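Notes follow the structure.
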Amino acid sequence: MRESSRRHFLTTVGISAVAVPINALLFNDVGHAQEAPKLDEGDPQAQALGYVHQSDNPEQLCKGCQLYQGEADAEWGPCVIFPGKTVNANGWCRSWVVKPG
Ligand code: SF4
């Protein structure tokens, strides 16, 4: 292999080696909050806070709670109280706090 060909090869391999992990970070949904497991109503912490997937009170829904971090149109989203899990946008628990605004 000529020196310039080898240099070109090594440069291309080096760029690819860097590009693949960056690409994985940018486009891989692993760890994306929307894909976290759904909180089970039977989870001990959920039960301790009275969490339910469907609130009895339309004025107090997870999507209207300050601690809810889901997208506005998402059915499930993360909550500060239950890290690593998602809660139903129409759910509720005793930690509900009105979202300002
Ligand atoms: Fe829903 Fe409770 Fe989380 Fe508020 S704190 S988003 S009411 S689970």
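As the structure lists them, so they are numbered: ligands from 1, and atoms in each ligand from 1. Model, not experiment: these values are computed from the prediction.
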For atom 3 (Fe) of ligand 1, the protein heavy atom that lies nearest, with its residue and separation: C79 SG, 2.3 Å
Minimum-distance protein heavy atom relative to atom 4 (Fe) of ligand 1: C65 SG, 2.4 Å
Distance filter under 4.0 Å to I81 heavy atoms, resulting ligand 1 atoms: 5 (S)
Presence of N, O or S from C62 under 2.8 Å of atom 3 (Fe) of ligand 1: no
Heavy atoms of other groups near N57 CG, more than 12 under 6.0 Å: yes
Same apolar cluster: V87 and L49, side chain cutoff 4.5 Å: yes
Element-labelled atoms of ligand 1 that are located less than 4.0 Å from some non-hydrogen atom of L67: 5 (S)
Mode of C93 contact toward ligand 1 - side chain, backbone, both, neither (heavy atoms, under 4.0 Å): both
For the student: nearest non-hydrogen atoms of C62 and W92, plus distance: SG-N, 3.5 Å
Co-membership, hydrophobic cluster, residues Y68 and L39, 4.5 Å side-chain: yes
K38 side chain to W76 backbone, donor-acceptor under 3.5 Å: no
Whether S55 side chain and Q60 backbone form a donor-acceptor pair below 3.5 Å: yes
Interfacing atoms of ligand 1 (cut-off 4.0 Å, heavy-atom, Y68): 6 (S)
